[in-house]
Protein chains: 2
Amino acid sequence: MRHEFKKKSKVLLIDDNYEHLVGIRELLNLEGTFDVVGIATNVTVGLNLIKKYSPDIVLLDMNMPDKDGLQGIIEIGKLESDTKVLALSGYDDADLIFRAMKIGAKGYVLKTMASAQLIYAIEEVLAGKIYLPLALSSRFFEYFQQSFREETSKQETDEENLLSYLTQREEEVLELLTQGITYKGVANKLFISETTVKTHVNNIFQKLQVNDRTQAVLYAINNGFLSKKVKLGV
Amino acid sequence: MRHEFKKKSKVLLIDDNYEHLVGIRELLNLEGTFDVVGIATNVTVGLNLIKKYSPDIVLLDMNMPDKDGLQGIIEIGKLESDTKVLALSGYDDADLIFRAMKIGAKGYVLKTMASAQLIYAIEEVLAGKIYLPLALSSRFFEYFQQSFREETSKQETDEENLLSYLTQREEEVLELLTQGITYKGVANKLFISETTVKTHVNNIFQKLQVNDRTQAVLYAINNGFLSKKVKLGV
DNA sequence: CTTTTTCTAAACCGATAGGTTTAGACCATA
DNA sequence: TATGGTCTAAACCTATCGGTTTAGAAAAAG
């Protein structure tokens with residue numbers, strides 16, 4: 001796609017390192033297809049510039065002293081603008097990459113990367129895609145999978161999941177308990193008497209080794225009983 | 001890395017489509033660097049073959065009639081072997097890709113892809129990397145970000161988060177309630193009287209617009225009060 | 001064809017929870 | 001200084017919860 005009237009993309013730079021800031025601006029200006037509408041050395045100023053210029057993309061440094069980059073991404077997201085965020089960082093910290101992508105960064109590039117790659121990343125993000133260099137992408141996935149390994153290890157590997165001892169009916173009752181419903185309410189929903197509900201609930205308490213409904217609900221939530229509602233489903 | 005005594009990698013294929021199965025086996029045999037140690041048309045048989053041959057990698061079809069592929073990945077993971085799973089599918093369903101990667105697949109390739117790309121994917125996974133074709137990787141990230149947008153929208157965007165009306169002391173009390181502690185227990189932990197706790201709790205109920213402790217705990221959990229413990233932290 | 005499990009239900013009782021009112025002490029802000 | 005919010009606390013009462021025992025009917029397992 002190369003035609004003469006192509007509109008330049010508006011770019012904003014936020015980085016506490018002023019030299020780096022100017023360096024990137026020069027680079028992008030030389031490229032000719034970008035219009036650097038502003039630069040800022042902190043997030044607060046950057047946010048104001050975004051409101052003023054509505055850039056297409058913001059290059060946002062992750063490692064800054066005052067407000068950190070993650071908070072910056074969140075606040076840019078709250079603006080409800082179409083501004084895309086490309087995260088910049090000196091380190092390939094898996095956790096940082098994961099968090100940045102989680103809260104809406106459209107890409108993540110290292111400062112050590114070749115300028116051509118930076119340009120490519122910007123273009124990809126501007127085209128609506130998500131850009132992660134292969135090396136970072138790998139780290140991201142490792143971290144991603146590890147997060148869920150820890151999370152699911154309790155539920156699936158666990159052979160002592162007391163929830164598995166519950167009968168079908170008891171599960172139904174527990175399900176209603178986790179909605180904060182009283183004995184009377186459960187009885188009505190299941191078309192059984194209140195005393196029957198109490199019997200089930202007492203059996204549930206014994207099986208889950210808890211003393212009251214709140215603890216039962218907490219056990220249920222922390223052991224995968226309600227995973228679909230509380231977390232991302234498997 | 002090319003030396004004559006390179007050991008062939010053991011590959012296992014699981015796919016309910018027998019023709020496809022044989023086709024891939026032929027392809028891999030022709031390649032010369034792979035040793036297809038077994039093929040199976042369902043997960044159950046496949047699991048037994050994995051136990052028997054300890055393959056380096058399993059190509060696992062996601063769309064099968066009996067046990068589906070996701071369950072297959074989980075069960076292969078439970079074997080605690082070093083066998084890696086490369087997911088195969090006819091569809092680039094974002095949700096399916098996300099789930100497969102979440103539970104431990106090392107890669108995901110479409111059946112429609114060129115055979116050279118399949119070979120490349122297998123080699124990458126065998127080398128300990130994670131392989132997602134660019135197109136799927138994009139879909140994955142979109143889905144990934146969308147999942148968390150939904151999850152965080154209630155907590156962060158929400159200006160009607162009733163939790164924000166709680167005083168510090170009330171938050172402390174609620175925190176203890178979410179651990180399933182009684183009035184008496186809370187009183188002891190906070191070094192205040194039981195009646196004081198009851199006063200705080202009643203105020204909490206009114207502010208959160210709920211009727212009992214279980215509902216209060218559920219509200220707290222579903223609105224970010226306990227996010228660090230229940231979900232992945234931001 | 002027994003035996004066990006599950007689901008149903010009642011009666012009884014004490015403990016806890018929840019609702020309401022009132023009130024003193026402290027602190028900050030108007 | 002006065003006003004409002006917070007934290008503390010008590011007294012009172014009712015509703016609900018939780019523990020225990022007992023038991024019949026139906027279904028599943030042996």
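First the proteins, then the strands, lettered A, B, ... as listed; each starts at 1.
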Can you run down the salt bridge (Lys or Arg N to Asp or Glu O under 4.0 Å) pairs that involve residues 194-210 of chain A, sequence neighbours left out, and say none if there aren't any?
Glu170(A)-Lys207(A)
Can you list every salt bridge (Lys or Arg N to Asp or Glu O under 4.0 Å) pair that touches residues 37-63 of chain A, not counting sequence neighbours?
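Applying salt bridge (Lys or Arg N to Asp or Glu O under 4.0 Å) to every pair that reaches into residues 37-63 of chain A, excluding sequence neighbours, yields Asp61(A)-Lys111(A).
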Parallel, tilted or perpendicular, as decided by the 30° and 60° cut-offs, for the rings of Phe144(A) and Phe141(A)
perpendicular
Backbone of Asp92(A) reached by a side-chain donor or acceptor of Arg139(A) within 3.5 Å
yes
So how far off straight is the helix from dC1(C)-dG30(D) to dA30(C)-dT1(D), going by the axes through five pairs at either end, to 10°?
50°
If the cut-off is 4.0 Å, is Ser193(A) near the phosphate of dA10(C), judged by side-chain N/O to OP1 or OP2?
yes
Any Thr195(B) side-chain nitrogen or oxygen under 4.0 Å from OP1 or OP2 of dA11(D)
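For dA11(D), neither OP1 nor OP2 has a side-chain N or O of Thr195(B) closer than 4.0 Å.
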In whole angstroms, how far is the [atom2] atom of [N] from the [atom1] atom of [X]?
X         : N       : atom1 : atom2 : answer
Ile192(A) : dT8(C)  : CD1   : P     : 5 Å
Asn203(B) : dA9(D)  : CG    : C1'   : 13 Å
Asn188(B) : dT16(C) : CG    : P     : 12 Å
Ile204(B) : dT6(D)  : CD1   : P     : 13 Å
Glu170(B) : dC7(D)  : CD    : P     : 6 Å

Measure from NZ or CZ of Arg213(A) to the centre of the six-membered ring of Tyr183(A), then state whether that distance is under 6.0 Å and the direction lies within 45° of the axis.
yes
side-chain contact (heavy atoms from CB on, under 4.5 Å) partners for Glu172(B), two or more places apart:
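Scan of Glu172(B) (side-chain contact (heavy atoms from CB on, under 4.5 Å), adjacent residues dropped) gives Arg169(B), Leu190(B).
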Quick one: side-chain contact (heavy atoms from CB on, under 4.5 Å) partners of Asn188(B), sequence neighbours excluded?
none
For each nucleotide in nucleotides 15-30 of chain D, reading 5' to 3', give B when a protein heavy atom comes within less than 4.0 Å of its base, S when such contact involves only the sugar-phosphate, and - otherwise.
-SSBBB----------
